[in-house]
Amino acid sequence: MLKRRAAAAVVFMILLAGTVGGCSKSRQTEQHDTRFSTVYAELMLLHEQEKSTPNTPDSLYQVHVRALFNSYGMTEDDFRKRSAELMKDDETWRAFLADVSMVFDSLKTARRQHPK
């Protein structure tokens, strides 16, 4: 339970660290797909929403994470492997995080304008 929270926090911190460094678009941006950027951004948004709600049990959070992955036809292992693949090259990783940041902002704005 605590491990999962720590892992989610690490993912979030990596994202923030990568976006602060200033990102330039390059041909390496094409090495990742938009779909994975969306999954990553949605996972961040889910983490932000669930963990900011007091008393949200980790088990419920994990159910939502699995549902998110399932909706994109992937597993947590697929997600980890793809993330690790992108992290192998700093420039690719920074470009990916820049894309994730834009998708995250767009999703957040859309959900504020059209709450469920």
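All residue numbers refer to positions in the sequence shown, counting from 1.
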side-chain contact (heavy atoms from CB on, under 4.5 Å) between V65 and L43, intermediate numbers included: CA-CA 7 Å; V65 168; L43 182 61; 3.9 Å; yes
Check S37 against D99 and note the closest heavy-atom contact, atom names and distance.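 Scanning both residues completely, I find the closest heavy atoms to be OG-CB, 3.9 Å.
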At their closest point, which heavy atom of G73 faces which heavy atom of D78, and how far apart are they?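 So the two residues come closest at O-OD2, 4.5 Å.
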Let me see the working for L45 and R111 under side-chain contact (heavy atoms from CB on, under 4.5 Å), right down to the final yes or no. CA-CA 10 Å; L45 189 58; R111 290 186 182 173; 2.8 Å; yes
Would a 4.5 Å heavy-atom cut-off, applied to side chains only, mark Q49 and H64 as touching?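 Not touching, per the 4.5 Å side-chain cut-off.
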Identified salt bridge (charged side-chain N to carboxylate O under 4.0 Å, His left out) counterpart of E85 within the set K81, K88, R82: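 Result for salt bridge (charged side-chain N to carboxylate O under 4.0 Å, His left out) with E85: R82.
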Measure the spacing between [atom1] of [X] and [atom2] of [Y] and express it to the nearest 0.5 Å.
X: S83; Y: W93; atom1: OG; atom2: CH2; answer: 5.0 Å
X: E42; Y: S71; atom1: CD; atom2: OG; answer: 6.5 Å
X: L46; Y: Y61; atom1: CG; atom2: OH; answer: 5.5 Å
X: M87; Y: F96; atom1: CE; atom2: CZ; answer: 8.5 Å
X: D77; Y: F69; atom1: CG; atom2: CZ; answer: 10.0 Å
X: S101; Y: M44; atom1: OG; atom2: CE; answer: 7.0 Å

Evaluate the criterion side-chain contact (heavy atoms from CB on, under 4.5 Å) for residue pair E76 and R66; output intermediate values, then yes/no. CA-CA 7 Å; E76 185 174 343; R66 279 191 295 279; 5.7 Å; no
Using 30° and 60° as the class boundaries, would you call the ring planes of F79 and F36 parallel, tilted or perpendicular?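 The rings of F79 and F36 sit tilted, inter-plane angle from 30° to 60°.
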Does a side-chain N-to-carboxylate-O contact under 4.0 Å join R94 and D89?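 Looking at D89 together with R94, the answer is no, because their closest N to O distance does not fall below 4.0 Å.
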